[in-house]
Protein chains: 2
Amino acid sequence: MTRNGNGYVVRVLVYPRAEVLDPQGRAIEDALGRIGFDGVERIRAGKTFEVSLNAASRAEASEAIERMCRQLLANPIVEDYSVEWLSR
Amino acid sequence: MTRNGNGYVVRVLVYPRAEVLDPQGRAIEDALGRIGFDGVERIRAGKTFEVSLNAASRAEASEAIERMCRQLLANPIVEDYSVEWLSR
């Protein structure tokens, strides 16, 4: 993990933006109701990515992650993303 | 949120099991390499669900979430799931 710099592990969460329909979440709510789960208020369905990367510093890793999110992992027109550090 | 009991918010993360291929993660690794991200060691691609539910207690909510995961949100043959509490 430390071939070129330091190893970092980051979790990216990608959900439909609040104002965008979430058909997968709605389908799961309906399915849970049908199989007897009556306490469910709401489901938001999204994607998650656990990214392991090498970078010279946490700041450089953070900058790379933000670019990855905007260029590939999320579609900023219809999705919001958030980043959580699983390593330092 | 407190119509019948207490409101809880839980995040479920679902990833391919370690011994199962993760073709989406591999495709993203390859795509990131092609667009110039050279520090990426590994990507794991999964699903996430933010579940808002009412239950009489946290123990009851926890039991319901575990059943939801096994019955609908994850396929335990090929996927592992984990649960994180976003509320109490």
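Chain letters run A, B, ... following the sequence lines, proteins first and then strands; every chain starts at 1.
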Are any non-hydrogen side-chain atoms of B:E50 and A:L13 less than 4.5 angstrom apart? no
Specify the closest pair of heavy atoms between A:L53 and B:V40, including all atoms of both residues, with the distance to one decimal. CB-CA, 4.0 Å
Cut-off 4.5 Å, heavy atoms of chain B, and the answer for A:E60 is neither
Are A:Y15 and A:L21 joined in one hydrophobic group, where the rule is that I, L, V, M, F, W and Y side chains link up if heavy atoms are under 4.5 Å apart? no
Between A:F49 and chain B, with a heavy-atom cut-off of 4.5 Å, which part of the residue counts as in contact: side chain, backbone, both or neither? both
Between B:Q24, B:K47, B:E29, B:R11, the one whose heavy-atom pairs under 4.5 Å with chain A are most numerous: B:R11
Just list the side-chain donor-acceptor pairs under 3.5 Å for residues 64-74 of chain A, sequence neighbours left out, or say none.
from	atom 1	to	atom 2	distance (Å)
A:E66	OE1	A:Y81	OH	2.7
A:R67	NE	A:E63	OE2	2.9

Report, as yes or no, whether the 6.0 Å neighbourhood of atom CD1 on B:I77 holds more than 12 heavy atoms from other residues, nucleotides or ligands. no
A:V51 and A:W85: same hydrophobic cluster, using ILVMFWY side-chain contacts below 4.5 Å? yes
If you count every heavy atom of other residues, nucleotides or ligands that lies below 6.0 Å from B:R26 atom CZ, does the total exceed 12? no
